[in-house]
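Here is the structure we will look at, set down as structure tokens.
Naming: A, B, ... by sequence-line order, numbering from 1 per chain.
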2 protein chains.
Amino acid sequence: MSIVLLARDLGLSISTVSRALNGYEDVSADTKQRVLKRAREIGYRPNPGARRLKSGKTSLVGVILPAAADGVKFVDSVASSLLGGVEVELENGGYALIATMQTRNDHEREAALYENFIKGGWVDALLLVRTRVTDARVELVRKAHIPFVTYGRTETPEPYAWVDTDNEKAFYLATLRQIEFGHRRIALLNGPLEYNFVRLREKGYSRALARQRIAPDRLLMLNGDLSEVSGYALCRSLLVSAIPPSAIVCATDAMAIGAIAACRERGIEVGKEISIVGYGNSSASAFSDPPLTTIDHAVFDNGRHIGQSLLRLIRGEVKPGDIHYLEPVVLVPRKSDCPRR
Amino acid sequence: MSIVLLARDLGLSISTVSRALNGYEDVSADTKQRVLKRAREIGYRPNPGARRLKSGKTSLVGVILPAAADGVKFVDSVASSLLGGVEVELENGGYALIATMQTRNDHEREAALYENFIKGGWVDALLLVRTRVTDARVELVRKAHIPFVTYGRTETPEPYAWVDTDNEKAFYLATLRQIEFGHRRIALLNGPLEYNFVRLREKGYSRALARQRIAPDRLLMLNGDLSEVSGYALCRSLLVSAIPPSAIVCATDAMAIGAIAACRERGIEVGKEISIVGYGNSSASAFSDPPLTTIDHAVFDNGRHIGQSLLRLIRGEVKPGDIHYLEPVVLVPRKSDCPRR
DNA sequence: TAGGCGAGCAAAAACGTTTTTGTCAATGAG
DNA sequence: CTCATTGACAAAAACGTTTTTGCTCGCCTA
């Protein structure tokens with residue numbers, strides 16, 4: 001009964017206090033001041049439950065994090081930076097981020113989870129991460145008429161708001177670099193094909209090869225789960241093949257570090273005999289042996305973009321179809337890549 | 001007006017429907033069945049705002065994540081696994097986790113943030129991570145009479161619920177191992193001293209030295225920020241000193257990887273000429289060169305423990321002082337440590 | 001047969017806001 | 001002088017639940 005106490009204290013009606021607090025025009029500047037001052041003194045905070053019930057607004061943005069590869073991590077390190085950026089912006093708009101984990105990956109349960117999140121009235125807006133090539137979630141959320149932004153694109157004809165890093169460009173650049181080093185047999189250690197960013201990376205890779213008239217070799221395009229273990233295993237299989245590649249482009253720094261370990265195991269010197277490029281510019285990448293040439297993309301800034309977009313969408317300042325932001329990438333050269341022998 | 005619709009549809013009163021839905025005893029088994037069935041058919045979901053307003057319960061557990069060392073990451077990788085475990089358990093109890101980031105680290109802002117979280121009625125319970133040696137937060141939250149669990153202990157006379165990994169034991173074991181390898185000058189690359197786990201690690205380290213009657217050397221106990229960069233810098237400073245250590249124990253795998261890089265730079269072979277042990281058993285630790293001997297602690301399980309404890313605390317099944325759980329650790333030997341030359 | 005009791009349901013208040021619709025006095029126009 | 005207008009505030013309804021209290025009926029007991 002907090003606002004009534006405040007009202008009583010001030011000798012005003014509840015409605016006037018409420019309108020003063022919310023900055024309406026039909027309350028005198030004088031009263032407004034007085035109310036604001038007293039509210040601060042008394043430490044008044046509007047009850048979120050009541051506000052929510054009345055106005056239907058939750059002041060919450062939801063995100064459902066897919067379980068990481070090991071089924072254990074709440075967020076992978078990318079989502080980690082991303083959410084940091086989102087949170088920072090949301091905070092300015094009076095919104096908070098509510099994160100839930102998708103513990104299982106089957107699609108029915110996923111739909112139910114989103115359904116519950118939306119229909120249950122838990123959030124005002126949604127953030128979708130790890131978009132798939134065809135992603136049932138965006139249709140689902142679109143139909144619910146709730147604002148949302150995806151991190152990563154997806155193949156749908158309908159307009160929707162997305163923020164993404166330029167995955168294609170990144171792998172185009174990385175592959176081109178390898179080609180310019182004289183490499184012709186360049187492997188791609190990629191992630192699960194269902195994800196859109198994986199397709200885009202493949203596309204960038206292929207486009208670079210095509211540009212230099214190098215016939216793509218399906219046997220050099222491998223898919224794993226983005227982890228060190230997977231990078232290690234995949235690289236190992238490449239090294240024992242009939243004609244091993246002289247260069248590798250990896251979907252994550254973790255994979256690259258796994259790949260480096262595989263090379264070391266077979267006595268192949270990375271950055272001399274084989275050329276490896278990673279992706280992500282993780283903190284570990286600078287300290288591997290050799291230090292990893294990788295691609296930096298500003299995940300945190302992406303998060304900020306998403307946060308801002310979410311806010312503008314919620315406020316109705318902009319249409320979903322007008323929010324498209326592609327974050328540029330930059331290659332950071334270190335020692336793991338080298339000219340062909 | 002959802003429950004009234006359901007009530008009307010069933011020809012029952014609102015109260016009966018509500019009581020049926022909530023499993024009260026004074027509604028016949030028959031009616032209960034009928035209500036439950038129809039509710040499912042109709043897709044009825046109680047409005048969380050209304051429920052919250054009336055009952056004062058939010059179905060939300062809050063956690064305020066400290067910004068990581070780089071000021072950018074939403075959660076460090078440890079918190080990441082931890083929250084996964086928490087979430088999994090909470091889900092069973094009908095609770096969700098709401099995560100907010102502490103973007104700045106000054107203490108006034110911190111207090112305000114917690115104050116707002118609690119007094120604002122955003123959550124039913126709180127999870128405190130990264131406990132400090134003396135941590136104003138636990139006093140703050142205790143006074144607010146809201147259930148909470150800390151991950152990591154703190155120095156306070158009052159009883160409170162904590163879950164922790166056995167940091168002291170871990171560093172006792174790691175250090176002892178180095179001693180048994182014949183090392184006498186063993187460095188400790190630790191984190192910021194304000195954190196309780198940092199003190200405990202120091203304590204474990206010191207205890208092992210004391211046990212073998214080795215005089216501790218303050219110059220060998222260094223503090224950084226747990227990152228690769230910091231591990232690199234600290235190790236570098238050790239190596240150029242008058243009498244460099246023959247062994248190093250690191251507070252994180254990341255630091256250890258940085259330390260390895262520093263050794264490599266100076267042509268010192270890790271696992272032959274110098275013995276290094278990490279902590280955390282991160283996915284990268286198995287793929288460094290040499291593979292890192294490290295300490296595994298089940299962070300995810302800790303998270304599950306926390307989740308369960310939170311639920312029991314909320315339900316009032318247990319007193320805060322009765323929740324103390326110390327997760328054991330296990331050393332996983334790899335190649336980065338070695339006998340003294 | 002009267003009174004008490006329990007089982008099963010209903011009425012109504014309450015939670016703390018926001019918002020719609022008044023009310024009332026002072027002001028200005030005609 | 002009258003009447004409409006406006007500026008500043010108040011009353012009251014509404015949001016969708018939960019919970020306390022009340023009611024009715026049939027049954028058992030004395």
Side-chain angles (χ1 to χ4, degrees), chain A residues 1-39 42-60 94-95 116 118-124 314-315, chain B residues 1-39 42-60 94 116 118-124 314-316:
Chain A
M1 241 208 275
S2 220
I3 205 183
V4 340
L5 252 37
L6 180 57
R8 205 170 291 165
D9 180 284
L10 284 159
L12 286 171
S13 78
I14 298 174
S15 44
T16 302
V17 173
S18 172
R19 298 182 76 77
L21 254 18
N22 290 304
Y24 278 68
E25 282 311 314
D26 64 350
V27 33
S28 75
D30 215 45
T31 319
K32 220 179 272 188
Q33 289 292 339
R34 212 158 55 91
V35 172
L36 252 24
K37 177 157 169 290
R38 196 79 188 107
I42 231 174
Y44 166 74
R45 300 157 200 279
N47 177 313
R51 169 173 276 179
R52 178 166 165 178
L53 172 58
K54 186 57 196 159
S55 67
K57 292 290 162 198
T58 63
S59 301
L60 251 28
Y95 269 79
N116 187 44
I118 300 167
K119 299 272 177 64
W122 285 98
V123 294
D124 294 347
I314 290 169
R315 298 195 193 112
Chain B
M1 241 207 276
S2 222
I3 205 183
V4 340
L5 252 35
L6 181 57
R8 204 168 293 162
D9 179 285
L10 285 159
L12 287 169
S13 77
I14 298 176
S15 46
T16 303
V17 172
S18 172
R19 297 182 77 77
L21 255 18
N22 291 306
Y24 278 68
E25 281 312 314
D26 66 349
V27 34
S28 74
D30 215 43
T31 318
K32 221 179 267 187
Q33 287 294 337
R34 214 158 56 88
V35 172
L36 253 25
K37 180 159 168 288
R38 196 84 188 103
I42 230 172
Y44 166 74
R45 300 158 199 279
N47 177 313
R51 168 173 279 179
R52 178 166 165 179
L53 172 58
K54 185 56 196 161
S55 66
K57 292 289 163 199
T58 64
S59 301
L60 252 27
N116 186 44
I118 299 165
K119 298 274 177 63
W122 286 99
V123 294
D124 294 346
I314 289 170
R315 299 197 193 108

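- OP1 and OP2 of D:dT19 both lie 4.0 Å or more from every side-chain N or O belonging to B:S55.
- Side chains of B:W122 and A:L60 form a contact here, defined as non-hydrogen atoms less than 4.5 Å apart.
- Between B:R52 and the phosphate of C:dC15, there is no side-chain N or O to OP1/OP2 separation shorter than 4.0 Å.
- D:dT17 atom C1' lies 20 Å from atom CZ of A:R51, rounded to whole Å.
- When the nucleotides C:dA11, C:dT17, D:dT17 are ranked by their closest atom to the side chain of B:N47, D:dT17 comes out on top.
- Distance, A:K119 NZ to D:dG16 P: 17 Å, rounded to whole Å.
- When each of C:dT17, D:dA8, D:dT17 is scored by its nearest atom to the side-chain atoms of B:V4, the top-ranked nucleotide is D:dT17.
- Contact check for A:S15 versus A:Y24: no side-chain heavy atoms found under the 4.5 Å cut-off.
- B:D124 places a side-chain N or O within donor-acceptor distance of the main-chain N or O of B:T58, the cut-off being under 3.5 Å.
- With a 4.5 Å cut-off on side-chain heavy atoms, A:L21 and A:L6 count as touching.
- Judged by atom type and distance alone, B:S13 does not reach the base of C:dA11 through any side-chain donor-acceptor pair under 3.5 Å.
- At whole-Å resolution of the value, NZ in B:K54 and P in C:dT17 are 15 Å apart.
- One atom, CG of A:L12, and another, P of D:dG7, lie 19 Å apart when rounded to the nearest Å.
- Side-chain contact check for B:S2 versus B:N47: every heavy-atom pair is 4.5 Å or farther apart.
- Regarding B:W122, its CH2 atom lies at a distance of 16 Å from the P atom of C:dG16, rounded to whole Å.
- Within residues 18-27 of chain B, the residues that have a heavy atom under 4.0 Å from DNA chain D are, in order of number, B:S18, B:R19, B:N22, B:Y24.
- Formation of a donor-acceptor pair under 3.5 Å by the A:R52 side chain with backbone atoms of B:P48 is not found in this model.
- Using a 4.0 Å heavy-atom distance criterion, A:T16 is classed as a base contact.
- One can place CG of A:D30 at 16 Å from P of D:dG7, the figure rounded to the nearest angstrom.
- Using a 4.0 Å heavy-atom cutoff across all strands shown, B:I14 reaches at least one base atom of the nucleic acid.
- In this structure, B:L53 and B:T31 both approach DNA chain C, and ranking their closest nucleotides by distance from the 5' end singles out B:T31.
- Taking only side-chain atoms of A:P46, from C-beta outward, the nucleotide of D:dT17, C:dT17, D:dT19 with the closest atom is C:dT17.
- D:dC9 atom P lies 10 Å from atom NZ of A:K32, rounded to whole Å.
- Here the side chains of A:R34 and A:D30 are not in contact, with every heavy-atom distance at 4.5 Å or above.
- Distances shown here put a side-chain N or O of B:S28 below 4.0 Å from the OP1 or OP2 atom of C:dC9.
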